[in-house]
Participant: 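Sending over a structure as structure tokens; questions will come in a sec.
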Amino acid sequence: MAKWERGRLQNDYARVRFPLAPLMKTILVTGGAGFIGNHFIRYYLRTHSGAKVINVDVLGYAGNLENLRDIEKDKRYKFYKADIGDSQAMSRILKKEKPEAIANFAAESDNNKAITSPVDFARTNVLGTAVLLEAVRQYSLQTASRLKRFHHISTCEVFGQLPLGSRTSFSEHSPFQPRTPYNASKAGANHIVQAYFHTFGLPITISHACNNYGSHQFPEKVIPVFAIRALQGEQLPVFKSSRNKREWIHVLDHCRAIDLVLEKGRIGESYNIGSEVEKTIDQLADGILKILGKTKDLKKIIPDRPGHDTRYLLNSSKIMKLGWKPSIKWEDGLRETVEWYKNNANWWKPLLKKSHSKNY
Ligand SMILES: NC(=O)c1ccc[n+]([C@@H]2O[C@H](COP(=O)([O-])OP(=O)(O)OC[C@H]3O[C@@H](n4cnc5c(N)ncnc54)[C@H](O)[C@@H]3O)[C@@H](O)[C@H]2O)c1
């Protein structure tokens, strides 16, 4: 882990105000070798001293055990290579590890890949979640309600898009109006998770986060793509609708929010996790170029991605009432993230050939 990140983690944990005593002794995390999952695992181990974390990841192109090298020997951490859509494997792991909580991060997560391979998204995000839920239901029946929580990680993108310049935002009750295969698959998964609550009484919660940024994000997403391109003196591919906006949250603030929902969230409910920090794609490119001391002429306008949403903004007042607010300032977080990519070329260079942004 980079020095800045260690500092950031320590500062961040110091600000955690909710109880650190683990309600959940064993938590099973799916997709923990990916970007958000690896941060969540390290966060959870450090803030819940008595807890054990089981990581289940199929190690698809975005799953990377290098992300967890620093904790692989920790006795409170265990890894299984398995697919959430493999019912037998998931049942076996649940029976053996007996988790009290499950946090489902596993997903196909890239909107660009969703254009070329949409069925992969339905398979993992919809069917995979359904298979996992059924394995969890069977497990919870067998263990007489040992399971306290199934938490599903979702996205603001299920709500569709907002017009630029509007004053509205999405609440937890906004209708799902997804416009891309990724967004639609995440919305489908949400419906199935809710159905397992209403029909079977599974103790679920769901969170919808805005765009995350931070270290260890696969180099196909916009911040690593812009940082890496700028570092290499290459052009930054800026979508034609360069005033389209995204709301940005630091991944550690997202992890803290998920932890809080696990501890204090009401069963059967959903929580939005946003920062209110909105940046246009153009502002993002300019910010990264400035941090790296590069000029704006590195920006290159490219055609919009099909189904390119204009804007999402979450109303996050519900989770704030539980006692959470974002703690990492955009300017600090972006600078630290870009510096992480600058100092960790050995992490991202081997991954470039797998990136779905390579055709820009
Ligand atoms: N990155 C964001 O900005 C963002 C925002 C909101 C919500 N989310 C959600 O958060 C979750 C994690 O996103 P991320 O950015 O870390 O994604 P990621 O692509 O970096 O990681 C996904 C992980 O899931 C694993 N995986 C994929 N299919 C699997 C399967 N069938 N079985 C087991 N593991 C599988 C991959 O190997 C990878 O390690 C996703 O559910 C995503 O929809 C992401």
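Read the numbers this way: they start at 1 and go in the same order the structure lists the ligands and their atoms. All of these numbers come straight from a predicted model, not from anything done at the bench.
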Participant: Under a 4.0 angstrom heavy-atom cut-off, which atoms of ligand 1 come close to A82?
Facilitator: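 It comes down to these atoms of ligand 1: 32 (N), 33 (C).
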
Participant: Give a yes or no on whether a salt bridge exists between E278 and R246, defined as a side-chain N under 4.0 angstrom from a carboxylate O.
Facilitator: no

Participant: What residue and heavy atom of the protein are closest to atom 12 (C) of ligand 1, and at what distance?
Facilitator: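 Result for atom 12 (C) of ligand 1: F105 O, 3.5 Å.
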
Participant: Please walk me through it: do H216 and N344 pass side-chain hydrogen bond (donor to acceptor under 3.5 Å, both in side chains)?
Facilitator: CA-CA 9 Å; H216 300 85; N344 288 279; over 6 Å; no

Participant: Among all protein heavy atoms, pick the one closest to atom 43 (O) of ligand 1 and tell me residue, atom and distance.
Facilitator: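 Checking every protein heavy atom, the shortest distance to atom 43 (O) of ligand 1 gives Y182 OH, 2.6 Å.
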
Participant: Give the atom numbers and elements of ligand 1 that come within less than 4.0 Å of a heavy atom of N211.
Facilitator: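 Under 4.0 Å from N211, ligand 1 has these atoms: 3 (O).
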
Participant: W347 and ring pair (Phe, Tyr, Trp, His ring centres under 6.0 Å): which partner among F218, F35, W340?
Facilitator: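 Passing option: W340.
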
Participant: State the atoms of ligand 1, each with its element, that fall below the 4.0 Å cut-off from a heavy-atom position in C210.
Facilitator: 5 (C), 6 (C)

Participant: Checking a contact table here: which protein heavy atom is nearest atom 32 (N) of ligand 1, and how many Å away?
Facilitator: I84 N, 3.0 Å

Participant: Indicate yes or no for a side-chain donor-acceptor contact from Q235 to the backbone of K299 under 3.5 Å, with no hydrogens or angles considered.
Facilitator: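 Checked: no pair found.
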
Participant: Could you pull out the closest heavy-atom pair between A33 and D57, with the gap in Å?
Facilitator: N-OD2, 2.9 Å

Participant: Near G60, which atoms of ligand 1 are under 4.0 Å from a heavy atom of that residue?
Facilitator: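 Those qualifying, in numeric order: 37 (O).
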
Participant: Of all the atoms in ligand 1, which lie at a distance below 4.0 Å from a heavy atom belonging to A106?
Facilitator: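 Reading through ligand 1 atom by atom, the close ones are 24 (O), 33 (C), 34 (N), 35 (C).
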
Participant: Quick check against the 3.5 Å criterion: does K186 have a side-chain atom that pairs as donor or acceptor with the backbone of C156?
Facilitator: no

